[in-house]
Amino acid sequence: MSEGVYADSGLFVCFEGGEGGGKSTQSRLLHDWLVEQGRTVLLTREPGGTEVGQELRRIVLSPETGELSHRTEALLYAADKAEHVDRVILPALARDEVVITDRYVDSALAYQGAGRDLVVSEVEQVNRWATGDLRPHVTVVLDLAPQAGLGRFTERDRIEAAGMEFHQRVRQGFLDLAAADPDHYLVLDARGTIEEIAAAVRARVQQALEER
Ligand code: TMP
């Protein structure tokens, strides 16, 4: 697999991790902080960062969908990413904006690759192809034991309902990705306070902006 493609303009930041780790809160706080500094920032998410993506999100997450072949699930998530990269992420980076996404390719590698019974390298190939192998400049992993993260939900969607062992494999999947490429990852314990985590994220993103 190639080393990946990094955009020459803009900054691409991604939040990853299991369920209930505070990704959405932290994405929003980072967005607000960057806007206060006068930056143009696009805050987006997967699945569902485009109109087609919202349809795909409904299909993959709705309990009404019921059982899906794991390959179908992987392809639906990959289709969401292809649309998101081509129509939203790349244009914003070309305009030199900061793009913050709540989940990206690592979620597919962890959930469909490590979590489901699919061959990880095949899931990776599909997702690298779908995204033109575009990689984030910084990925923040908010790490949390699934017992703690899933405890916060009473109603579970298709993925949340997949069982504790599945979610353990997902957690380990994210940690393995981060360990293999420490320059591009910041792993934070999601049990920290919102402000502690936000401060660590801001410091890492500030550093990345200075290095650009
Ligand atoms: P969330 O954005 O509310 O966390 O919900 C997205 C769910 O979809 C979450 O359970 C993780 C899962 N997911 C995958 O399984 N594969 C993917 O590629 C992405 C982006 C998300």
Side-chain angles (χ1 to χ4, degrees), residues 12-28 31 43-50 52-65 67-89 99-120 122-136 139-177 190:
F12 186 18
V13 181
C14 172
F15 283 86
E16 291 282 12
E19 315 292 331
K23 290 185 305 307
S24 314
T25 304
Q26 291 298 334
S27 316
R28 214 172 335 104
H31 167 272
L43 177 59
T44 185
R45 70 167 179 178
E46 291 189 0
T50 61
V52 165
Q54 285 171 25
E55 297 280 322
L56 294 168
R57 182 179 177 93
R58 187 188 54 73
I59 297 169
V60 284
L61 294 183
S62 171
E64 282 173 20
T65 300
E67 286 279 307
L68 275 180
S69 149
H70 291 169
R71 285 169 196 268
T72 308
E73 182 181 286
L75 288 168
L76 291 170
Y77 276 114
D80 170 74
K81 292 180 204 308
E83 193 68 8
H84 196 207
V85 166
D86 279 352
R87 301 178 72 100
V88 176
I89 297 175
V99 175
I100 303 170
T101 184
D102 181 345
R103 298 194 180 282
Y104 185 58
V105 167
D106 286 1
S107 280
L109 303 181
Y111 282 81
Q112 282 68 52
R116 302 297 195 197
D117 60 351
L118 297 171
V119 178
V120 181
E122 293 177 0
V123 173
E124 178 163 18
Q125 263 183 327
V126 167
N127 280 278
R128 299 295 183 211
W129 179 79
T131 57
D133 209 0
L134 180 71
R135 310 268 178 122
T139 297
V140 179
V141 176
L142 296 178
D143 179 52
L144 187 64
Q147 291 85 341
L150 284 166
R152 297 187 193 181
F153 298 100
T154 44
E155 277 180 31
R156 293 192 171 171
D157 65 33
R158 274 189 64 258
I159 303 286
E160 285 156 6
M164 209 46 85
E165 282 179 18
F166 170 85
H167 286 281
Q168 293 284 9
R169 291 196 295 277
V170 169
R171 180 191 196 187
Q172 195 55 51
F174 283 120
L175 294 176
D176 290 346
L177 288 165

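Sequential numbering from 1 along the given sequence is applied to the chain's residues. Every number for a ligand or one of its atoms is a count from 1 in the order of the listing.
- Tyr111 and Arg103 share a side-chain donor-acceptor pair at under 3.5 Å.
- Side-chain atoms of Glu16 come within 3.5 Å of backbone atoms of Ser107 as a donor-acceptor pair (strictly under, hydrogens ignored).
- Distance alone, capped at 3.5 Å, places no donor-acceptor pair between the Lys23 side chain and the Val141 backbone.
- Contact record, Gly21 with Leu144: CA-CD2, 4.0 Å, taken as the closest heavy-atom pair.
- Taking CG of Leu175 as the reference point, atom CD of Gln172 lies at 5.0 Å (rounded to 0.5 Å).
- Partners of Glu55 according to the side chain to side chain contact (heavy atoms under 4.5 Å, CB included) rule, which considers only residues two or more places apart in sequence or in another chain, are Arg58.
- At a heavy-atom cutoff of 4.0 Å, ligand 1 is surrounded by Glu19, Glu46, Pro47, Arg57, Leu61, Tyr77, Lys81, Arg103, Ser107, Ala108, Tyr111, Gln112, Ile159.
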